[in-house]
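I have placed the structure first, in the form of structure tokens, so that the comments after it can refer back to it.
Start at 1 and go down the list; that is how both ligands and their atoms are numbered.
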Amino acid sequence: MRRSYRVAILGATGAVGTELLQLLESRQFPISELRLLASPRSSGSTLPFMGEQVPVQVVEESSFQGIDLVLASAGGSTSKVWAPKAVAAGAVVVDNSSAFRMDPQVPLVVPEVNPQAAAAHQGIIANPNCTTILMTVVVWPLHQVQPVRRIVAATYQSASGAGARAMEEVKTQARAILADEPPKAEIFPYPLAFNLFPHNSKLNPQGYCEEEMKMVNETRKIFGTEEIRITATCVRVPVLRAHSEAINLEFEAPFSVKQAEELLSQAPGVKLVQDWEANYFPMPIEASGLDEVLVGRIRQDISHPCGLELWLSGDQIRKGAALNAVQIAELLISQKLVGQKHKPPGEQQPAHSSL
Ligand code: A2P
């Protein structure tokens, strides 16, 4: 008989949390009990799951008792408080925040890229940053054939990256501007509707923001190499959902466009979208709601003999967050890495990649 699991979603009312709920339902995740957790703001609310309204509970010390698996998407500071408590209560946590991603004890997993890394978990597995997930799913199949030396990325990031309330804020700003009223910015530092600005995360002394450094550091950790040189410019754009990225890749040797197209048309989690005659390529509006990362506009870099240029759009809430987390959870189940008190690495069962 198929085993089922007691699952908690921390941050269930958020943009990613509600997507997690839908994915668990549509993918028929084996659940015997579901606990929806959020802040006191959501006290008394319910969310639909499998035809029923499930009450949302305020997270507290006892919330993780008897839980096998926690899918957390409530921000880094919330995860720092609750993930260790959930692990102490015997649960495995797939954490969508940045709190543990660069912790050497915590695997950082994109199932299409490094599923084997999950086996080393000690209770927490980190879900990478959305821009990193979208980029690594596309670059990895190429890197397997011809190592990438350098990545230059520019991102066009939707409001969804800052959560459900940020998406609402952009709509409200757009309505205000169309009514000739001044737009208000509360979640974002500046109006995003009819505007764009460099990503508003904290800047380091070199002038890079946190989002850009996540792409640099997380990609290296996921690919398992410090050798790749990566630089990025991350920009918020007035798109509601789904991020886009312009990626320049420099390989060790020339990489033909034809071979890249062949590889990406077969790569897991990727869909090639390009019609040169129609000038039709990936767009966030078409990537929204899809599992796959759309990639196209693959062309030789005219400034470098070993360079390729490509363009991608991927649903930030889905593959960039909730879907990747659910895929990690499915991976853990298939490798029997959940539902048993976790053991330190070396004492675990051998892992078998399922993707
Ligand atoms: P709530 O809706 O009660 O504020 P988003 O990224 O879309 O903004 O969603 C964030 C999610 O994290 C929401 O479900 C939110 O719950 C939850 N959350 C935020 N802060 C806390 C907290 N301190 N404790 C528990 N849940 C939190």
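With hydrogens and angles ignored, the 3.5 Å screen pairs a side-chain donor or acceptor of Arg6 with a backbone N or O of Gly66. Glu218 contributes a side-chain N or O that, together with a main-chain N or O of Asn129, makes up a donor-acceptor pair within less than 3.5 Å. Judged purely by atom type and a 3.5 angstrom limit, Arg241 has no side-chain atom pairing as donor or acceptor with the backbone of Asp315. Proximity of a side-chain donor or acceptor of Arg35 to a complementary backbone N or O of Ser63 within less than 3.5 Å is detected.
Heavy-atom contacts of Val59 reach the following atoms of ligand 1: 24 (N), 25 (C) (cutoff under 4.0 Å). Heavy-atom contacts of Gly14 reach the following atoms of ligand 1: 5 (P), 7 (O), 9 (O), 13 (C), 14 (O) (cutoff under 4.0 Å). Atoms of ligand 1 lying under 4.0 Å from at least one heavy atom of Thr13, given by number and element, are 1 (P), 2 (O), 3 (O), 13 (C), 14 (O), 15 (C), 16 (O). Against a heavy-atom cut-off of under 4.0 Å, Ala38 is close to the following atoms of ligand 1: 3 (O), 16 (O), 25 (C), 26 (N).
For atom 19 (C) of ligand 1, the closest non-hydrogen atom on the protein side is Arg41 NH2, 3.6 Å.
Not one N or O of Gly163 is nearer than 3.5 Å to an N or O of ligand 1, by distance alone. Between Ala162 and ligand 1, not a single N/O pair is under 3.5 Å apart.
Proximity annotation for atom 24 (N) of ligand 1: of Thr78, Leu10, Leu47, Thr78 comes nearest, heavy atoms only. Atom 18 (N) of ligand 1 has its nearest heavy-atom neighbour, among Ala74, Ser79, Ala321, Ser45, in Ala74.
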**Request:** Under the side chain to side chain donor-acceptor pair (under 3.5 Å) rule, what do Gln157 and Glu245 come out as? Steps first, then yes or no, please.
**Result:** CA-CA 8 Å; Gln157 299 187 217; Glu245 303 179 20; over 6 Å; no
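Close placement of the His143 and Phe223 rings is indicated, their centers lying within 6.0 Å of each other.
Under a 4.0 angstrom heavy-atom cut-off, Ala12 registers as being in contact with ligand 1.
With salt bridges taken as basic N to acidic carboxylate O contacts below 4.0 Å, none links Arg297 and Glu309.
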